[in-house]
Amino acid sequence: MEIRIGIANSRELGFDSNETADAVKQTIITALDSGASYVTLADAKGATYFIPTAGITFVEVGTDQSRRVGFVA
């Protein structure tokens, strides 16, 4: 699933994750609601991202559906 996060005064962060959409949403919501200074997410390759919550401008979480391959009739 693809995740895109806008960060103020910076570029957009985009990566693929093995987490479910609901798990990613809950992680971000919990960090924002608790007043945490950053949220931690991991990508599909094992890299870890520490994102400052104060700088988050938007979060786009893709669907859990896999991409279709081939032609659609």
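Bear in mind that the values here come from a model prediction, so they are computed numbers and not experimental data.
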Next item on the list: First locate atom CG of L41, then atom CD1 of I28, and finally report the distance between them rounded to the nearest 0.5 Å.
Entry: 5.0 Å
Checklist line | Side-chain donor or acceptor of S17 paired with backbone N/O of M1 under 3.5 Å | finding: no
Note to self: Any heavy-atom pair between the side chains of K45 and F15 that's under 4.5 Å?
What the structure shows: no
Note to self: Applying a strict under-4.5 Å side-chain criterion to I, L, V, M, F, W and Y, I'd like to know whether L32 and L13 cluster together.
What the structure shows: yes
Checklist line | Nearest non-hydrogen partners of A21 and G62, listed with the distance | finding: CB-O, 3.7 Å
Next item on the list: Please check if the side chain of T30 supplies one atom and the backbone of T27 the other of a donor-acceptor pair under 3.5 Å.
Entry: no
Checklist line | Rounded distance [0.5 Å steps], CD in E60 versus CD in E12 | finding: 7.5 Å
Note to self: Could you check whether any side-chain heavy atom of I3 comes within less than 4.5 Å of a side-chain heavy atom of D43, counting everything from C-beta outward?
What the structure shows: no
Checklist line | Parallel, tilted or perpendicular: rings of F50 and Y38 (30°, 60°) | finding: perpendicular
Item checked: Rounded distance (nearest 0.5 Å) linking atom OG of S10 with atom CD1 of I56 -> 12.0 Å
Next item on the list: State whether the side chain of T57 and the backbone N or O of G6 hold a donor-acceptor pair below 3.5 Å, judged by distance alone.
Entry: yes
Next item on the list: Kindly indicate whether the side chain of T40, heavy atoms from C-beta on, has any atom under 4.5 Å from the side chain of T48.
Entry: yes
